[in-house]
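Structure first, then comments.
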Amino acid sequence: MHSRIGLFLSPVHETGQDPHLAIRRNLDLVEYVDDLNFDEAWFGEHHTLGWGLVGAPETLIAAASQRTTQIKLAHGVVPLSGHHPFHVASRAVHLDHLTRGRYILGVGPGVPFDAKMFGLEQPVQRRRLEEALPTVLELVNGDERITQQTDWFDLRDAKLQLPRFSPQGIEVAVATSGTSQSSPRLIGQYGLSMTSFALPFALLTPGAPAHINLAHQWKYAEEAAAEHGQTLDRDKWRIALPVHVAETREEAYADVREGYDRWLFEYFGKAAGREVLSPDVPRERALEARVEAGGALVGSVDDVVAGIERLHEITGGFGTLLVYVADWTSWEKTNRSMELLARHVAPRINGSAARPQEAVDFAIASRKK
């Protein structure tokens, strides 16, 4: 019985705390939501700015595979611009074995802050993604030997020695932040899965391109799929955004307001150097503004269910909601939010609450006869 809810762990952790414990927290949380029947957990890769401490997500995926039983574990994502495609493919197949088929390979061009440290400009990141993607796909899920030479990698009759665990192949997803048509079109070209961020985390960065809304991201992917004879599956479309649930709307906002403020202004504002707040939005309403813009879900069970239903309506439907875990509140309150999502939100989204209620309604109606 699938919850249709997963985690997206960048992961980011506020500075000033023990980095070791922060890393361990991610594994503890994934083990916890595995017991709550969450469907997926995605691990990001970051190398700069201090908050994103995980630079080797495959190690956390490997560790989590031994602590969980049913949850799928995903790269979210491997920046192909910074990794040799053969090594990406080799790690993917090993993780396919360690998870016994519960692994998803997510890829993308890479974040600009890390790319600067590696001396890569954004156009180079994009070009490398486009060059490496078909190579990775063949190495992971194909059977042919590859000979390919570029200005950054060289392969000669390359083929993995280890067969994949999953006979149907490893699922491959491409992430898109809605700043370019290129990722959705790549998804359509190769018939891959799509992972979208509902709203950019900083909207006002000078010179940043306009955001492509979720419905148009899917439209561009479908157009490219039609051009290349591919088909896409909305069931494999994930949408990621921060979510926090509490018993009441007031409690939910109180839980996360201070943490959200630090995340927005200390991480994205100071560390990343982005403009993060519109001039017409006062700082004390920054959280409400993000929720109203569709960039987060904060509130009671009813509020979050309504928010997910709206998201389905404006997108035309998608498969899994990924809860972006931003460490806006204590671990205990985060765990409580996850429990409410699993016990009370998911059943209303996936329909599993309907059948017991139907039994009650039937019993009542039968007595009236």
Side-chain angles (χ1 to χ4, degrees), residues 1-9 29-30 32-42 70-72 194-199 201 213-215 217-218 234-257 259-260 285 287-330 332-362 364:
M1 188 175 293
H2 298 287
S3 69
R4 312 318 311 241
I5 296 177
L7 295 185
F8 192 98
L9 294 155
L29 182 58
V30 171
Y32 179 64
V33 300
D34 178 54
D35 287 338
L36 289 175
N37 206 35
F38 274 49
D39 288 322
E40 300 173 359
W42 293 62
Q70 61 83 31
I71 194 168
K72 291 184 178 180
M194 182 158 78
T195 300
S196 301
F197 289 97
L199 197 68
F201 295 127
N213 67 39
L214 293 168
Q217 291 176 34
W218 186 258
R234 283 184 178 269
D235 201 50
K236 293 183 177 179
W237 184 13
R238 286 97 172 169
I239 295 178
L241 76 169
V243 180
H244 183 76
V245 195
E247 274 70 12
T248 67
R249 183 183 306 171
E250 293 74 21
E251 184 181 348
Y253 275 92
D255 284 349
V256 300
R257 189 177 299 281
Y260 173 77
R285 286 204 78 255
L287 177 57
E288 283 83 354
R290 171 162 292 278
V291 173
E292 291 164 6
L297 294 174
V298 177
S300 66
V301 167
D302 288 342
D303 292 331
V304 171
V305 168
I308 297 172
E309 290 172 344
R310 284 195 302 271
L311 201 53
H312 275 282
E313 183 178 348
I314 66 175
T315 60
F318 61 96
T320 301
L321 178 78
L322 296 180
V323 177
Y324 177 93
V325 182
D327 253 9
W328 290 350
T329 189
S330 68
E332 293 77 15
K333 290 178 179 178
T334 297
N335 285 359
R336 177 58 176 158
S337 175
M338 298 302 170
E339 181 188 357
L340 289 171
L341 280 166
R343 291 184 61 197
H344 300 294
V345 173
R348 290 170 60 180
I349 297 301
N350 64 23
S352 61
R355 192 156 180 168
Q357 185 60 49
E358 188 271 338
V360 172
D361 295 341
F362 179 81
I364 295 172

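Atoms CH2 and OG1, on W237 and T195 in that order, are 11.0 Å from each other to the nearest 0.5 Å. Residue Q217 holds its CD atom at 5.0 Å from CG of L214, rounded to the nearest 0.5 Å. Distance CE/M338 to NE2/H244: 9.0 Å, rounded to 0.5 Å. Expressed to the nearest 0.5 Å, how far CD1 of I308 lies from CD of E313 amounts to 14.0 Å. A distance of 11.5 Å separates CG of L7 from OG1 of T320, quoted to the nearest 0.5 Å. Rounded to the nearest 0.5 Å, atoms OH (Y324) and CH2 (W42) are 15.0 Å apart.
R336 has a carboxylate O that lies under 4.0 Å from a charged side-chain N of E247, or vice versa, which qualifies the two as a salt bridge.
A distance-only check finds no donor-acceptor pair linking the side chain of N335 to the backbone of E332 [under 3.5 Å]. At distances below 3.5 Å, at least one donor-acceptor pair connects side-chain atoms of S3 with backbone N or O atoms of N37. In this structure a side-chain-to-backbone donor-acceptor pair under 3.5 Å is missing from S196 to A198. The closest donor-acceptor contact from the side chain of Q70 to the backbone of F38 lies under 3.5 Å. Distance alone, capped at 3.5 Å, places no donor-acceptor pair between the D39 side chain and the K72 backbone. Within the 3.5 Å criterion, the main-chain N or O of D255 finds a donor-acceptor partner in the side chain of T329.
Closest approach of I5 and A346 over heavy atoms only: CD1-CB, 3.9 Å. Y253 and L287 get closest at one heavy-atom pair: CD2-CD2, 3.5 Å. Scanning both residues, L322 and R238, for their nearest heavy atoms gives CD1-CB, 3.7 Å. P347 and A342 get closest at one heavy-atom pair: CD-O, 3.4 Å. Considering every non-hydrogen atom in both R348 and D302, the closest pair reads NH1-OD1, 2.7 Å. Considering all non-hydrogen atoms of both residues, E339 and Y32 come closest at CB-OH, 3.8 Å.
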Original post:
Should R234 and W218 be marked as a side-chain contact (heavy atoms from CB on, under 4.5 Å) after you check the CA-CA gap, both sets of side-chain angles, and the distance that decides it?
Top reply: CA-CA 9 Å; R234 283 184 178 269; W218 186 258; 3.1 Å; yes
**OP:** Applying salt bridge (charged side-chain N to carboxylate O under 4.0 Å, His left out), run through K333 and E251 and close with a yes or a no.
**Re:** CA-CA 10 Å; K333 290 178 179 178; E251 184 181 348; over 6 Å; no
**OP:** Take V298 and D303, measure what side-chain contact (heavy atoms from CB on, under 4.5 Å) needs, and give me the verdict at the end.
**Re:** CA-CA 7 Å; V298 177; D303 292 331; over 6 Å; no
Subject >> Derivation and outcome, side-chain contact (heavy atoms from CB on, under 4.5 Å), residues L9 and L29 >> reply: CA-CA 10 Å; L9 294 155; L29 182 58; 4.2 Å; yes
**OP:** Begin from the C-alpha positions of I314 and L311 and carry the test side-chain contact (heavy atoms from CB on, under 4.5 Å) through to its verdict.
**Re:** CA-CA 5 Å; I314 66 175; L311 201 53; 4.0 Å; yes
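Counting heavy-atom neighbours within 6.0 Å of R257 CZ, excluding the residue itself, gives a total above 12.
In this pair, F8 and F197 present their aromatic rings perpendicular. The plane angle is above 60°, beyond the 30 to 60° band.
When only modelled atom types and interatomic distance are considered, S352 and N350 share a side-chain donor-acceptor pair under 3.5 Å.
Counting heavy atoms from C-beta outward, H312 and I239 have side chains that stay 4.5 Å or more apart. Under the 4.5 Å side-chain criterion, counting only non-hydrogen atoms from C-beta, V245 is in contact with S337.
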